[in-house]
Amino acid sequence: MKQLMLGNAAVARGCYEAGAKVISSYPGTPSTEITENAVKYEEIYCEWAPNEKVGAEVAIGAAIAGARAMTCCKHVGLNVMADPVFTASYTGVNGGLVIAVADDPGMHSSQNEQDSRHYAKASKIMMLEPSDSSECKEFTKLAFELSEKFDTPVFLRLTTRVSHSQSLVELCERDECGLKDYEKNPAKYVMMPGNAIKRHVDVENRMRALQEYAEAAEINTVEDNGAKIGIITAGITYCYAKEALGSNANYLKLGMAYPMPVKLIKDFAAKCNKIYVLEELDPFIEEHCKANGIEVIGKEAFTLLGEYSVNMIKKVILGEEEASVASEPIPVRPPVMCAGCPHRGTFYVLKKLGLTVSGDIGCYTLGAAAPLNAIDTTICMGASVSAAHGMAKARGEEFSKKLVSVIGDSTFMHSGITGLIDIVYNKGINTVLILDNSITGMTGHQDNPTTGKTIRGEATKQVDLELLCKAVGIDSVRIADPFDVKNFEKVVKEETEKNEPSVIIAQRPCALLKTVKYTGRCKITDKCKNCKMCLKAGCPAITVKDGKPVIDATQCNGCTLCMNICPFDAIEKEEA
Amino acid sequence: MDTKSIMIVGVGGQGTLLASRILGNAVISEGYDVKVSEVHGMSQRGGSVVTYVRYGKKVNSPIIDKGGADIILAFELLEALRALPFLKKGGKIIVNDQQIDPMPVIIGACEYPQDIENKLKENADTTVVNALTLAKQAGNMKAVNVVLIGVMAKNTDIPYEVWKETITKTVPEKFLEVNLKAFDLGYNS
């Protein structure tokens, strides 16, 4: 029986059916659900790693040891793991190794729109690209096979719409392929110059073999409808093209994003009058075609920005426009921190104190939005700490005393600790706020080394953030509750004024955790003087009706932060 | 049958994902090909959320474009208005009459549009539902999503029993009674 499955769940299923034994990943939208779904299969050892580099190294080690292994990440996670991945291209594998990377065209949940196909070319690693859930499963299985056949890691490239769309998948049994023999083989696995020079030769030979494979690969499919228009495409864009053009075009769908065939494309092109390359983000296929003298229309007619759509393809290729009601300008609805979010207290105070805030990646990035407007910079995971160190070194001590970093517990584990070590080692006096909400929030509640639980919910050793900061040389580490607004403000003032580096652990769990039980609703009483201080916290439950603040009972969870902010004790708690 | 396109819109946290899951499972048990598309991550934090469900003999794109939706199921008024350009000519809107102010309205940067119900009715066959009252009647304010699924169910050719079975399979047992009641209240409204 066919099952309706998320693309990411289908990748996990493919992993299971392929007999994979080890998965190690760091969460990142839109890739997170692969690892979360793999947990359902007891046969697969799954873990959350502290960051993508560690995840990739765990998977590489498992593969060298003879198991089929996988690591999953979002596009920017691939930057973090690039170091081991490029060299794993040289060592090759023993058991199959698959690296699933999910791009985010349109930036639904990301800080940039990079195209990870360039990594395949740069690292000389083959890349497969499925277009729906069924292919997600099949391509994952194929990726393991090809990995072992060609002795190479294999990228599985997804995009948000493939990862987060559900379509039908036919389930199969698991192939219990077991472990391959492990033998010590320094010439293959010890990548020092003498060995690596020889392995590079193997890599180039492998590229030639893969190139040949691409010419006849079953996942590069031609659909000849006898049409004049030819479409060369891959992934989700294939689905859009089929929807838009149906049998009015011939299709060459490249299931292999890298390396790409040459003869196959030339033969396809020869049968069409006009060839379009349809691909989101960069002109990867297009440049390959043009470099091989194949005339195609690509980015000159389409866009480098965001996602493609059915209507866009219809308009450009057929000149047809869909009739629809004209859209009028209406208020946008940007994401906000949830009612009861612990970060709201933190940013309320930071804004009040007028500090420069070096931000990071997580739910708390939303502290940059109105009305809090509290964050100055957000670059990548960990940068809140190290970039603030740079700011302080550039502008001096006085500036440093008006500057803080904010970073979540999981992000601090990911790559914040190294920046903190830099601050201590190089005599910075920065103040770093670790926003410890006891979970990895934005990606949907994953455990991490600070939560005391593994991915399977088993109890484990918990990293003690206070001791950790002290161990790297921070003498002033304080723990404060961001909902105790007055005390929190006092602590921030005291720590930023110090002539030494300091850490404040802002401790309060995410309001969406099952263990957090706020009850009742807050209500504004007739003591209200309409000063609107409560609105400054940017709580989605507090709005304005007839010129006065009111609390929406359907949104409020009774967290009481607003009661702590109100200067007139005009907010009361009503128990449900 | 032509591919049918249903768009579910609302505010992150309103339970649109569960609604699309129920709808998706109901249509496969009828033997259709189906694709469901949702976006996870940042927008789930109180932002505009959109889910697409498309079913028929063979579905290619999981996404619905402007002018492509047969039905828009809106959990909130402003989100219904935002989704209006996605409605096909002759399509139907089912909208919950709830108003949730987005942050730009809360902070006074702009105003919540007036008279959305009439704007919708001018442009489309519109059914306005007081889902919150019905959900409370069913026993839980959070069952708004299943009330709305109930209203929508009546506008599809999928039999009543299939919906009931699907909800039974999809919803945790603890909340089943409330949800089945909520569905009926929506279906019979």
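So that the names make sense, note that chain A is the first sequence line, chain B the second, and so on, each numbered from 1.
In this structure, chain B has heavy atoms under 4.5 Å from both the backbone and the side chain of Thr554(A). Heavy atoms of Gln555(A) lying under 4.5 Å from chain B belong exclusively to its side chain. Contact of Val162(A) with chain B is not made at all, since no heavy-atom distance falls under 4.5 Å. Of the two parts of Cys341(A), neither the backbone nor the side chain holds a non-hydrogen atom closer than 4.5 Å to a non-hydrogen atom of chain B. Residue Lys74(A) does not touch chain B at all, counting heavy-atom pairs closer than 4.5 Å. Residue Ile64(B) does not touch chain A at all, counting heavy-atom pairs closer than 4.5 Å. Looking at Pro30(A), there are no atoms closer than 4.5 Å to chain B (heavy atoms on both sides), in backbone or side chain. Contact of Ile542(A) with chain B is made through the backbone alone, with heavy-atom distances under 4.5 Å.
Although no hydrogens or angles enter the test, the distance criterion places a donor-acceptor pair under 3.5 Å between the side chain of Asp65(B) and the main chain of Val310(A). Without hydrogens or angle criteria, Arg333(A) side chain to Leu78(B) main chain gives no donor-acceptor distance under 3.5 Å. A donor-acceptor pair under 3.5 Å is formed between the side chain of Glu243(A) and the backbone N or O of Ser61(B).
Contact count versus chain A (heavy atoms, under 4.5 Å) is highest, among Val59(B), Ile100(B), Val53(B), Val144(B), for Ile100(B). With respect to chain A, the highest number of heavy-atom pairs below 4.5 Å among Val36(B), Ile107(B), Leu87(B), Ile106(B) belongs to Val36(B). Of the residues considered (Leu81(B), Thr3(B), Leu84(B), Asn60(B)), Asn60(B) shows the highest number of contacts with chain A, using heavy-atom pairs under 4.5 Å. Of all the listed residues (Arg82(B), Lys142(B), Lys88(B)), the one sharing the greatest number of non-hydrogen pairs under 4.5 Å with chain A is Arg82(B).
Proximity of Val332(A) to Pro104(B): side-chain heavy atoms (C-beta onward) are separated by under 4.5 Å at one or more points. Between Leu168(A) and Asp33(B), the closest side-chain pair of non-hydrogen atoms falls below 4.5 Å. When side chains are defined from C-beta on, Ser167(A) does not count as touching Pro62(B), because their heavy atoms never get closer than 4.5 Å.
The pair Arg161(A)-Glu38(B) does not count as a salt bridge, with every side-chain nitrogen at least 4.0 angstrom from each carboxylate oxygen.
The structure places CD of Glu79(B) at 7.0 Å from CD1 of Ile330(A), a figure rounded to the nearest 0.5 Å.
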